[in-house]
Amino acid sequence: MSIPRELYPTEDDLPYEEEILRNPFSLKQWWRYLVARADAPFTKRRVLYERALQALPGSYKIWHAYLRERLELVRNLPINHSLYQALNNTFERALVTMHKMPRIWIMYLVSLTQQKLVTRTRRTFDRALCALPVTQHDRIWEHYLVFVSQRGIPIETSLRVYRRYLKYDPSHIEDLLEFLLNSELWQEAAERLAGVLNDDRFYSIKGKTKHRLWLELCDLLTQHATEISGLNVDAIIRGGIKKFTDEVGRLWTSLADYYIRRKLVEKARDIFEEGMTTVVTVRDFSVIFDAYSQFEESMLALKMEEMSDSEVEDEGSNGEVGAEEDVDEEDDRLNVAKLEKKLKEFWLNDDKDIDLRLARLEHLMDRRPELANSVLLRQNPHNVEQWHRRVKLFEGNPTKQILTFTEAVRTIDPMKAVGKPHTLWVAFAKLYENHKDIANARVIFDKAVQVNYKTVDHLASVWCEWAEMELRHKNFKGALELMRRATAEPTVEVKRRVAADGNEPVQIKLHKSLRLWLLFVDLEESLGSLESTRVVYERILDLRIATPQIIINYAVLLEDHKYFEDAFKVYERGVKIFKYPHVKDIWVTYLSKFVKRYGKSKLERARELFEHAVEQTPADAVKPLYLQYAKLEEDYGLAKRAMRVYDQATKAVPANEKLSMYEIYIARAAEIFGVPRTREIYEQAIESGLPDKDVKVMCLKYAELEKSLGEIDRARALYKHSSQFADPRSDPDFWNKWHEFEVQHGNEDTFREMLRVKRSVSASYSQTHFILPEYLMQKDQMQTLEEAKDVLKKAGVADDEMAALERQLAPPENDTKSKEQSRVVGFVSAGVVESNGQKVTANNEDIELPEESDSEEDDDKVEIALKEVPDAVFGGLIRKRDEGDEAEDNSTAKNKDSDGPLGALERIKRRKQQAS
């Protein structure tokens with residue numbers, strides 16, 4: 001066999017050949033030779049690889065490089081090409097020495113897998129597992145599982161491989177389960193999955209929970225019920241129901257679906273019913289009920305289709321008449337087929353049961369509210385509201401209602417009840433009452449009052465309902481007797497026995513229930529005598545359970561029967577028992593009743609009561625009592641004492657009520673003693689520490705008073721004093737009033753003083769007022785109004801303040817330009833301002849007064865306007881005193897004029913007469 005010429009070494013190869021001849025077993029020389037000829041054709045490189053491997057058959061580096069090049073050579077060739085056989089032979093030769101190298105095995109196995117050589121590949125995988133140590137098997141199994149998962153691999157082969165793999169690594173059982181499900185091997189999949197769930201040490205490498213695996217098993221068992229055997233499906237699913245409470249509804253429907261697929265329809269119905277009567281959540285109940293109703297509807301529809309098909313068949317068979325009618329009866333009894341046919345035609349085995357199925361479906365729908373209520377009661381059997389709703393479901397069926405009430409009162413524990421359990425007993429008794437069975441209603445109430453409720457109020461409600469039932473049926477004595485039984489205090493022996501037990505029932509505390517006593521009192525007032533009613537009221541007071549309303553009711557009862565002193569004693573007990581704010585109504589009622597009863601006859605006692613009341617009353621509630629006290633003094637006592645009461649009231653009330661109290665005080669003083677007496681009250685109010693806004697209001701009222709009396713200077717002083725509390729920007733009304741006052745009663749100086757005060761007050765309230773002159777006085781820098789506005793805006797003055805300043809800076813409309821130019825902005829002159837050597841009136845707000853002569857000769861010609869003194873100046877007491885004989889008063893006045901010194905008013909009158 002001749003060797004091709006191109007395979008011989010060339011001149012470039014001679015240095016490498018010489019090195020190899022000198023040292024043929026040097027891996028380094030062979031590798032340098034192969035690297036140098038990396039661009040040579042594969043045929044030449046194959047010769048080099050074969051020569052190197054002949055010299056170094058155990059070199060992994062050379063074998064690995066050689067095999068990679070051969071794999072690259074066949075990459076794009078079909079799998080039936082002859083080069084694949086050469087490649088496989090090369091792998092086999094390599095494995096003679098490289099059988100411990102997993103990389104070589106993996107390259108060979110991947111190549112075989114691509115060649116679709118199933119048997120050879122499987123055997124090679126087995127050889128690799130036998131050749132390699134166990135620690136390296138995981139690298140082989142990874143490709144082995146990929147191989148057996150390919151299409152075309154026999155299922156039995158793959159199954160055996162997976163079973164072998166689980167012996168190597170049992171944690172990958174989920175891969176086997178996935179393979180079994182994909183291969184539709186339901187029986188083994190169910191058995192394996194059940195084994196996984198029973199293994200407490202199992203841990204899912206895919207992150208699946210036991211809950212999810214349970215659901216997968218249930219779905220597997222129910223969807224393939226006829227293909228899986230040997231497993232107790234009922235027990236498996238029921239175990240899941242007990243273990244996983246959040247999917248109870250789904251598991252129950254899965255179990256019912258299992259029996260439906262097994263064609264055990266009645267068993268499926270039993271499962272649905274059991275599920276609906278055991279679930280404890282509405283969501284699970286809805287799942288089961290919807291599945292149950294859908295099942296019944298599908299069964300009904302299926303039966304109707306079967307009937308329609310059977311009717312068509314019967315119509316076709318009616319034309320054919322049987323010819324065997326002459327057979328003897330004995331032969332019929334011996335014919336098994338005919339006997340079976342007759343049994344099928346028996347009415348109990350009638351297939352045409354559509355009406356029954358339809359009635360079953362309607363009955364299921366009608367039971368839904370009751371079943372849903374049962375679910376809620378299973379959640380909490382002590383829920384009173386749900387028991388009431390259950391009773392309403394059976395409205396119109398007294399028997400069912402009675403059974404429901406009986407079950408409810410037996411089930412509910414009053415200590416754990418949600419709601420008011422006594423309402424069930426009351427409704428139970430009213431059910432008998434509505435059906436005219438009073439005797440049984442009394443029996444129910446008698447049992448109800450023996451129950452140990454959570455609170456006393458529940459037991460008291462039962463007693464009250466019992467008494468009201470007796471009243472509705474005109475048994476008044478029975479109702480009173482019930483109240484006496486309920487309010488009777490337990491004996492000492494009973495209390496001692498209960499204390500020894502350590503568990504005190506509510507019946508021991510019942511005699512202190514205010515609700516019972518109120519009903520008892522109402523019954524006694526309506527049906528009993530005064531003495532018996534007083535006994536009940538006294539018993540309430542002794543037990544210390546009375547309320548202010550009970551005190552008032554007791555006193556009113558005694559007043560109605562003319563026991564006034566006893567009624568006042570009850571009020572006294574009430575004010576000693578209660579504190580504020582509860583005692584307020586008692587005091588008001590007590591004082592008004594006492595004053596109305598005795599009036600002036602027991603004035604000192606009334607004063608003592610009022611003093612005692614105002615001492616105990618807090619400041620925020622004392623005002624009505626002081627007004628009532630002052631009214632007493634005005635009507636029956638002394639006016640001075642009334643004023644003293646008002647004065648005390650102004651000091652006792654809180655700050656927010658002082659103004660209104662002073663107004664009342666002033667009004668009453670003006671009416672009784674006259675207007676001049678109110679001056680000291682006004683001064684007292686102003687100096688008493690009222691809030692600033694109230695001081696301002698009081699000063700204005702005082703100024704109006706002085707102005708009405710002609711005291712202009714005093715009024716002006718009041719305006720000036722109150723101006724410190726009025727900001728000109730926020731309170732223009734005050735300044736308008738002062739302005740009008742000065743216009744009417746002032747002169748130029750007083751008006752200037754008012755403007756000066758206004759500027760100073762405005763400056764104290766706003767810092768902007770202090771900034772303005774610094775800009776406005778710089779005439780050299782700002783000549784126009786627009787420049788002033790720009791400077792103000794830069795200074796950060798707000799827009800509304802700038803608008804006010806703009807109005808102030810705007811020149812007045814006047815024909816005289818000299819006045820416009822000479823006016824100093826922001827300054828109100830007290831006289832004249834010199835401008836360019838001329839005197840110009842600078843104050844546009846001056847008041848033009850008529851020229852007056854300053855000579856002393858005109859002093860005698862001054863005419864003083866006379867004004868009559870208002871009647872309000874003289875109080876009501878003075879008016880009463882002056883309502884006597886006018887003639888006597890006139891004669892007395894004449895004597896005084898002639899004898900005694902003249903008053904100021906008379907001297908002015910005489911001077912006027914002499915001047916005229």
Can the ring centres of W63 and Y60 be said to be less than 6.0 Å apart?
-> no
Can you name the residues that form a side-chain contact (heavy atoms from CB on, under 4.5 Å) with S59, not counting sequence neighbours?
-> L27, L56, K61, I62
Among all residues two or more places apart in sequence or in another chain, which pass the side chain to side chain donor-acceptor pair (under 3.5 Å) test with E216?
-> K208
Non-neighbouring partners of P133 that pass side-chain contact (heavy atoms from CB on, under 4.5 Å), sequence neighbours left out | T135, Q136
Set of residues satisfying side chain to side chain donor-acceptor pair (under 3.5 Å) with respect to R283, sequence neighbours excluded | none
Sidechain-backbone polar pair: W30 side chain, F25 backbone, donor-acceptor under 3.5 Å = no
Crowded around E156 CD? As in, over 12 foreign heavy atoms under 6.0 Å?
-> yes
Taking side-chain contact (heavy atoms from CB on, under 4.5 Å) as the test, write out the residues that go with D270, two or more places apart.
-> none
Those residues at least two apart in sequence (or on a different chain) that pass salt bridge (charged side-chain N to carboxylate O under 4.0 Å, His left out) with E191 are none
Can you list every salt bridge (charged side-chain N to carboxylate O under 4.0 Å, His left out) pair that touches residues 71-84, not counting sequence neighbours?
-> E72-R75
Give a yes or no on whether K263 atom NZ has more than 12 heavy-atom contacts from other residues, nucleotides or ligands under 6.0 Å away.
-> no
Please output the side-chain donor-acceptor pairs of residues 361-373 that fall under 3.5 Å, not counting sequence neighbours, one pair per line with the distance.
from: R367; atom 1: NH1; to: E273; atom 2: OE2; distance (Å): 3.2
from: R367; atom 1: NH2; to: E273; atom 2: OE1; distance (Å): 2.9
from: N373; atom 1: OD1; to: R390; atom 2: NH1; distance (Å): 3.2
from: N373; atom 1: ND2; to: Q386; atom 2: O; distance (Å): 3.1
from: N373; atom 1: ND2; to: Q386; atom 2: OE1; distance (Å): 3.3

From the list R93, R45, R70, salt bridge (charged side-chain N to carboxylate O under 4.0 Å, His left out) with E50 holds only for R93
Show the atom names and distances, to 0.1 Å, of all donor-acceptor pairs under 3.5 Å that link a side chain in residues 98-109 to residues at least two apart or in another chain.
from: H99; atom 1: ND1; to: V96; atom 2: O; distance (Å): 3.3
from: K100; atom 1: NZ; to: A131; atom 2: O; distance (Å): 2.8
from: W105; atom 1: NE1; to: H99; atom 2: O; distance (Å): 2.7
from: Y108; atom 1: OH; to: E92; atom 2: OE2; distance (Å): 2.6
from: Y108; atom 1: OH; to: R120; atom 2: NH2; distance (Å): 3.1

Please table the atom pairs, donor to acceptor, closer than 3.5 Å between any side-chain atom in residues 162-171 and protein atoms at least two apart or in another chain.
from: Y162; atom 1: OH; to: S149; atom 2: OG; distance (Å): 3.1
from: R163; atom 1: NE; to: E188; atom 2: OE2; distance (Å): 3.4
from: R163; atom 1: NH2; to: E188; atom 2: OE1; distance (Å): 3.0
from: R163; atom 1: NH2; to: E188; atom 2: OE2; distance (Å): 3.3
from: R164; atom 1: NH1; to: D126; atom 2: OD1; distance (Å): 2.9
from: R164; atom 1: NH2; to: D126; atom 2: OD1; distance (Å): 3.4
from: Y168; atom 1: OH; to: D138; atom 2: N; distance (Å): 3.3
from: D169; atom 1: OD1; to: S171; atom 2: N; distance (Å): 3.3
from: D169; atom 1: OD1; to: S171; atom 2: OG; distance (Å): 2.7
from: D169; atom 1: OD2; to: S171; atom 2: OG; distance (Å): 3.4
from: D169; atom 1: OD2; to: H172; atom 2: ND1; distance (Å): 2.7

Salt bridge (charged side-chain N to carboxylate O under 4.0 Å, His left out) pairs, two or more places apart, involving residues 217-241 = D219-R250, D234-R238, R238-E274
Do the side-chain N and O atoms of Q294 and S298 include a donor-acceptor pair separated by under 3.5 angstrom?
-> no
Between N88 (side chain) and Y84 (backbone), is there a donor-acceptor pair under 3.5 Å?
-> yes
Count the heavy atoms of every other residue, nucleotide or ligand shown that sit under 6.0 Å from CZ of R127, and state whether that count exceeds 12.
-> yes
With sequence neighbours left out, what residues match V118 under side-chain contact (heavy atoms from CB on, under 4.5 Å)?
-> F147, I153
